[in-house]
Amino acid sequence: MIVEKIKRLAAEKKAVILAHYYQEAAIQDVADYVGDSLALARWAASTDAEAIVLCGVHFMAETAKILSPNKRVFLPDLAADCSLADSCQPTEFAAFVKRHPDHTVISYVNTSAAIKTMTDVVVTSSNARQIVDSFPPDARLIFAPDRNLGNYINSVTGRKMVLWEGACHVHERFSLEKILALKGDFPNALVLAHPECKSVILKVADYIGSTSALLNYATKSESQEFIVATESGILHEMQEKNPDKSFIPAPPNDSTCACNECSFMKLNTLEKLYDCLKNETPEIFLDTATITAAAKPILRMLELSNKLGL
Ligand code: SF4
């Protein structure tokens with residue numbers, strides 16, 4: 001059985017397997033830890049394993065390498081990119097920052113290591129609002145790369161952060177019409193939405209939060225039915241934690257498929273995870289200067305999160 005082989009190889013090689021909630025269910029089941037970007041960063045920074053296999057996308061594996069530079073970090077499929085991270089390229093972003101002197105640069109963790117080297121503090125969707133709020137009300141802030149998350153934080157904090165015009169292809173394509181139709185079919189269902197969704201979707205949401213916040217909310221809620229507007233991989237953990245509740249994936253607008261999957265996240269498979277452990281490749285490499293510069297804003301985020309009790 002491939003699952004046993006993966007576990008045996010990971011033990012032999014003293015490797016920890018970290019998986020994001022958007023990974024396929026079989027990978028979440030075999031992983032040592034499953035979590036959102038903030039949790040993955042914390043585990044990567046604190047693990048005493050000799051190697052990390054990051055089952056997620058490229059920027060997550062880079063973040064693990066930046067936080068644990070002396071450990072080997074592997075990503076089962078090196079092509080597992082992120083459309084949001086790709087929407088913010090270093091040359092254009094450097095020019096954007098230059099056009100806004102005296103601004104503090106806040107970047108979502110969904111960015112390449114190169115963008116993090118130009119950043120003052122990194123955030124995830126679990127801590128973005130609180131970290132933005134930790135700056136003085138009149139602070140001049142740049143927020144990159146997700147315009148939807150930036151717009152959402154501007155709307156709830158009253159800020160006027162300058163936004164980079166990036167977006168995630170998964171969260172941008174939820175269909176308002178299809179969600180409203182589902183609400184008609186399931187009138188008692190609560191709509192849970194990730195802040196990377198467009199504002200028209202957030203307006204009909206009963207609760208807005210990061211992946212782990214949506215999971216916690218659904219677990220604590222007395223409601224029995226939920227329409228979930230984020231990558232559909234999270235439904236696995238929601239259902240595991242709440243076997244008696246119903247979770248309905250919010251559909252995208254451009255497909256006959258009922259759920260919305262991140263094609264990059266789903267590039268990782270059990271077979272690729274096994275091959276990665278066996279052959280010790282693909283591995284993430286970053287030069288020392290990049291690691292040193294990119295570590296600063298990530299460590300600042302972890303310090304602020306701890307200080308704010310997040
Ligand atoms: S769901 Fe969107 S933000 Fe998350 S990894 Fe996929 S493309 Fe990137």
Side-chain angles (χ1 to χ4, degrees), residues 18-25 27-28 31 34-41 44 54-64 75-89 93 106-116 119 122-128 143-153 163-175 192-198 201-202 208-215 228-238 249-255 257 259-269 272 284 301:
L18 306 182
H20 191 270
Y21 285 129
Y22 296 169
Q23 291 293 284
E24 66 175 45
I27 289 183
Q28 293 189 45
V34 183
D36 64 5
S37 301
L38 179 59
L40 294 180
L54 201 303
C55 297
V57 291
H58 194 265
F59 76 82
M60 295 175 180
E62 275 192 342
T63 303
L75 178 66
D77 190 322
L78 213 48
D81 258 314
C82 165
S83 60
L84 177 54
D86 285 350
S87 70
C88 190
Q89 293 297 320
F93 190 63
I106 301 177
S107 292
Y108 199 23
V109 69
N110 301 38
T111 48
S112 64
I115 298 297
K116 289 183 176 83
T119 294
V122 165
V123 297
T124 72
S125 51
S126 293
N127 57 27
F143 187 89
D146 192 275
R147 63 179 170 224
N148 294 328
L149 178 60
N151 267 323
Y152 170 68
I153 296 172
L163 307 182
W164 179 264
E165 282 290 317
C168 154
H169 73 296
V170 174
H171 289 91
E172 281 248 301
R173 70 180 179 209
F174 284 112
S175 160
L192 310 181
H194 193 283
E196 285 175 29
C197 295
K198 286 181 174 173
I201 303 294
L202 298 182
I208 300 166
S210 66
T211 5
S212 54
L214 299 183
L215 175 63
V228 185
T230 189
E231 211 275 355
S232 54
I234 187 63
L235 270 73
H236 177 64
E237 186 74 4
M238 284 178 165
N253 56 18
D254 53 358
S255 153
C257 179
C259 68
N260 199 353
E261 290 191 339
C262 173
S263 50
F264 298 114
M265 282 280 184
K266 298 304 191 273
L267 282 176
N268 297 319
T269 61
K272 287 179 193 171
I284 301 295
M301 168 188 78

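Read the numbers this way: they start at 1 and go in the same order the structure lists the ligands and their atoms. We count residues from 1, following the sequence as given.
Not a single heavy atom of His20 sits less than 4.0 Å from an atom of ligand 1.
Between Phe93 and Pro145 there is no side-chain heavy-atom pair separated by less than 4.5 Å. Counting heavy atoms from C-beta outward, Ile284 and Leu75 have side chains that approach closer than 4.5 Å. The side-chain heavy atoms of Ser37 and His20, taken from C-beta on, include a pair separated by under 4.5 Å.
A centroid separation of less than 6.0 Å is found between the aromatic rings of His169 and Phe264.
Near Glu196, with a cut-off below 4.0 Å to any heavy atom, the atoms of ligand 1 are 3 (S).
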Any chance you could lay out the side-chain hydrogen bond (donor to acceptor under 3.5 Å, both in side chains) test for Ser107 and Thr119, step after step, and finish with the verdict? CA-CA 6 Å; Ser107 292; Thr119 294; 2.7 Å; yes
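For atom 3 (S) of ligand 1, the closest heavy atom belonging to the protein is Asn110 ND2, 3.2 Å.
Here the closest heavy-atom approach between residue Phe59 and residue Thr111 is recorded as CB-O, 3.3 Å.
Defined by atom type and a distance below 3.5 Å, a donor-acceptor pair is present between the side-chain atoms of Asp36 and Ser126.
Listed by chain and number, the protein atoms of type N/O/S under 2.8 Å from atom 6 (Fe) of ligand 1 are Cys262 SG; waters are omitted.
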